[in-house]
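Only one structure is covered here, and it is reproduced in the block below.
Note that the structure is a prediction, hence the values are computed from the model and not measured.
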Amino acid sequence: MESTGVPDHGAKPHQDAWKQALDRLYEQFCEYGRRASRSFDNEDVHQARVNSRKLLTLLRILDKHDHSGLYPLIKQAQKRLGQVRDADVLIESFQARRKRAKRSGRRKEADLLKAVIQIQRKQRRRSRAKLADKLPELINPALDEKWEAFLKDLPELESQNADINVNQVMRELEVSYEQHKQAYRQLSRHNGAETKEAFDALHDLRIAAKELRYTASAASFALDQKFHSHEQLYKDIQDQLGQINDRRIWLETVQAIGQDKLDVSKKTWKAFKDSLMGEIRQALRANQLVGE
C-alpha cells in the first residue's frame with residue numbers, strides 16, 4: 001500500500017497522525033503543483049493531481065461541511081491538472097500507436113494519428129496556459145492561511161468525525177461500489193455493453209473504485225486492518241476500467257474531430273475507428289465485473 005509516511009496508530013489515530021498525513025499531502029500537492037504550472041512535466045502534473053485527490057478524500061472525512069473553504073479551491077486545481085494530464089495520456093498513447101503503425105508500414109494510419117496528435121497538442125497548450133494562469137492563483141498565501149486555520153481547528157474536527165467515521169466511510173463506499181457494480185451489470189445485460197447507458201454506468205463504477213482506492217491510501221493509518229489491502233485491490237479495478245474508459249474517450253475525441261478535419265480517406269477513417277472499437281470490445285470481454 002502506498003504510504004503517507006505516517007506511523008500506524010491503529011483505528012483511532014491521535015491528532016498528530018492526522019496532522020502529519022494532511023501536512024505531507026498538502027506540501028506535496030503545493031510543491032508538485034507549483035512545478036507543474038511552470039514546467040508542465042508529466043510526472044509533476046500527475047503527482048500534483050494524485051495528491052490533490054488524496055487531500056480531497058481526507059477533507060470529505062474531516063471537514064464534510066467545508067467550514068475551511070479548502071475543498072472547492074483544491075477541487076478547481078484538480079480539474080485544471082486533470083485537463084492537462086488527460087491530454088498527456090492521450091498524446092503519449094497516440095504517439096506510441098503512430099510509431100507502431102510506421103514500423104508496420106501503415107502509413108495512412110500513421111498520418112491520421114499524427115493529425116490527431118497535432119490537434120490535441122494545440123488543445124493541451126490551451127489547457128497548460130490555463131494551468132499556468134489559474135494554479136498560482138489557487139496555490140498561494142491565501143490558501144496557506146486557510147490551511148493553517150484548518151489545522152488549528154483539526155482537534156475539534158478530528159474528535160467529531162475522524163475517530164468514529166473513517167472506517168464507516170470505507171464501509172459506505174464499499175456499499176456504493178457494489179450498488180454501482182450491480183447497476184452496470186444490469187444495464188450491460190439488458191441494453192448491451194456497448195450502449196451509452198452502460199458506458200456511463202461503467203464510468204460511475206470506476207469513480208466509485210477510485211474513491212475507495214484513494215480513501216484507503218490517504219487514511220491508511222486510521223483504518224482497520226481489514227481495509228489495508230483495499231488500495232491495491234481497487235487500483236487494479238480502476239486500471240481495468242480505465243482501459244475501457246480511456247479508449248472510449250479517445251474514440252469520441254477522434255469522432256468529434258471528424259474525418260474531414262483529419263484529411264484522411266473514408267477507408268482509413270473507418271479502419272481506425274473499428275480498431276479502437278475492437279480494443280474496447282476486447283477490454284469489455286476481459287472485464288470480470290460483468291457476469292456471475
Side-chain angles (χ1 to χ4, degrees), residues 29 31-53 73-140 196 199-200 203 206-207 210 239 242-280 283:
F29 161 64
E31 178 61 26
Y32 283 118
R34 291 188 186 100
R35 282 166 29 187
S37 65
R38 293 193 299 265
S39 68
F40 312 114
D41 176 80
N42 287 7
E43 187 61 19
D44 287 340
V45 171
H46 174 60
Q47 290 299 331
R49 188 189 191 189
V50 166
N51 281 283
S52 70
R53 280 175 169 164
L73 298 174
I74 297 174
K75 186 68 177 178
Q76 286 182 53
Q78 181 203 7
K79 180 180 177 181
R80 295 294 180 191
L81 290 159
Q83 290 169 345
V84 175
R85 176 61 181 169
D86 290 345
D88 286 342
V89 172
L90 185 149
I91 290 167
E92 286 175 2
S93 173
F94 276 39
Q95 285 175 329
R97 289 169 183 271
R98 182 168 181 254
K99 287 179 182 179
R100 293 195 297 269
K102 288 174 71 175
R103 284 197 300 266
S104 301
R106 303 192 305 275
R107 182 181 57 80
K108 293 181 179 179
E109 181 184 337
D111 290 343
L112 181 152
L113 288 161
K114 180 180 179 181
V116 175
I117 291 167
Q118 289 173 338
I119 291 168
Q120 289 303 300
R121 280 176 171 163
K122 290 179 182 177
Q123 178 61 47
R124 184 175 64 179
R125 280 198 292 272
R126 290 192 288 269
S127 295
R128 284 178 169 180
K130 290 178 181 178
L131 185 71
D133 181 43
K134 298 298 182 182
L135 203 59
E137 294 179 3
L138 296 169
I139 302 176
N140 62 11
K196 182 183 185 302
F199 278 127
D200 287 347
H203 176 64
R206 180 170 174 259
I207 291 173
K210 189 185 297 184
D239 289 346
Q243 291 180 21
I244 302 169
N245 191 63
D246 285 349
R247 282 155 181 79
R248 178 199 177 193
I249 291 172
W250 298 343
L251 179 57
E252 290 175 352
T253 299
V254 171
Q255 289 174 325
I257 295 170
Q259 177 188 345
D260 293 341
K261 193 170 183 180
L262 292 174
D263 192 25
V264 294
S265 68
K266 186 176 181 179
K267 181 180 178 181
T268 302
W269 169 252
K270 184 177 183 303
F272 182 72
K273 290 196 301 177
D274 288 348
S275 174
L276 266 182
M277 194 64 224
E279 292 179 21
I280 293 171

What verdict does the side chain to side chain contact (heavy atoms under 4.5 Å, CB included) test give for V254 and F94, after you've listed the backbone C-alpha separation in whole Å, the side-chain angles of each residue and the deciding distance to 0.1 Å?
CA-CA 11 Å; V254 171; F94 276 39; 4.0 Å; yes
Could you walk me through whether Q95 and R98 pass the side chain to side chain contact (heavy atoms under 4.5 Å, CB included) test, one step at a time?
CA-CA 5 Å; Q95 285 175 329; R98 182 168 181 254; 5.6 Å; no
So R35 and Q47, side chain to side chain contact (heavy atoms under 4.5 Å, CB included) or not? Walk me through it.
CA-CA 10 Å; R35 282 166 29 187; Q47 290 299 331; over 6 Å; no
Test side chain to side chain contact (heavy atoms under 4.5 Å, CB included) on R128 and R121 and set out the steps.
CA-CA 10 Å; R128 284 178 169 180; R121 280 176 171 163; over 6 Å; no
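Within a 6.0 Å radius of NZ in K130, no more than 12 heavy atoms belonging to other residues, nucleotides or ligands are found. In the displayed structure, D263 atom CG is contacted under 6.0 Å by at most 12 heavy atoms of other residues, nucleotides or ligands.
One finds the OG atom of S52 at 9.5 Å from the CG atom of L135 (value rounded to the nearest 0.5 Å). One distance of note links CG of D44 with CZ of R34; it measures 12.5 Å at 0.5 Å rounding. In this structure, L276 CG and W250 CH2 are separated by 8.0 Å, a value rounded to the nearest 0.5 Å. Note that the CG atom of D41 and the OH atom of Y32 stand 10.0 Å from one another [nearest 0.5 Å]. In this structure, CZ on R247 lies 11.0 Å from CG on L90, to the nearest 0.5 angstrom.
Counting only distance, with no hydrogens or angles, the side chain of D246 and the backbone of Q243 share no donor-acceptor pair below 3.5 Å. A donor-acceptor pair under 3.5 Å is absent between the side-chain atoms of S93 and the main chain of V89, judged by distance alone. D133 places no side-chain N or O within donor-acceptor distance of the main-chain N or O of A129, the cut-off being under 3.5 Å.
Closest approach of F29 and A77 over heavy atoms only: CZ-CB, 3.8 Å. For V264 against W269, the heavy-atom pair with the smallest separation is CG2-CB, 4.0 Å. Residues I244 and A283 approach most closely at CG1-CB, 3.5 Å, considering heavy atoms. N140 approaches P136 most closely through the heavy-atom pair CB-O, 3.5 Å. Among all heavy-atom pairs drawn from A132 and S37, the shortest one is CB-O, 3.6 Å.
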Side-chain donor-acceptor pairs of residues 107-120 under 3.5 Å, sequence neighbours excluded:
unit_1	atom_1	unit_2	atom_2	d
R107	NH1	D111	OD2	3.4
E109	OE1	R106	NE	2.7

Show me the donor-acceptor pairs, under 3.5 Å and distance only, between side chains in residues 78-87 and residues at least two apart or in other chains.
unit_1	atom_1	unit_2	atom_2	d
Q78	OE1	K75	NZ	3.2
D86	OD1	R49	NH1	3.4

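Put simply, the side chain of H46 does not reach to within 4.5 Å of the side chain of D88, judged on heavy atoms. L251 places none of its side-chain heavy atoms less than 4.5 Å from the side chain of R248.
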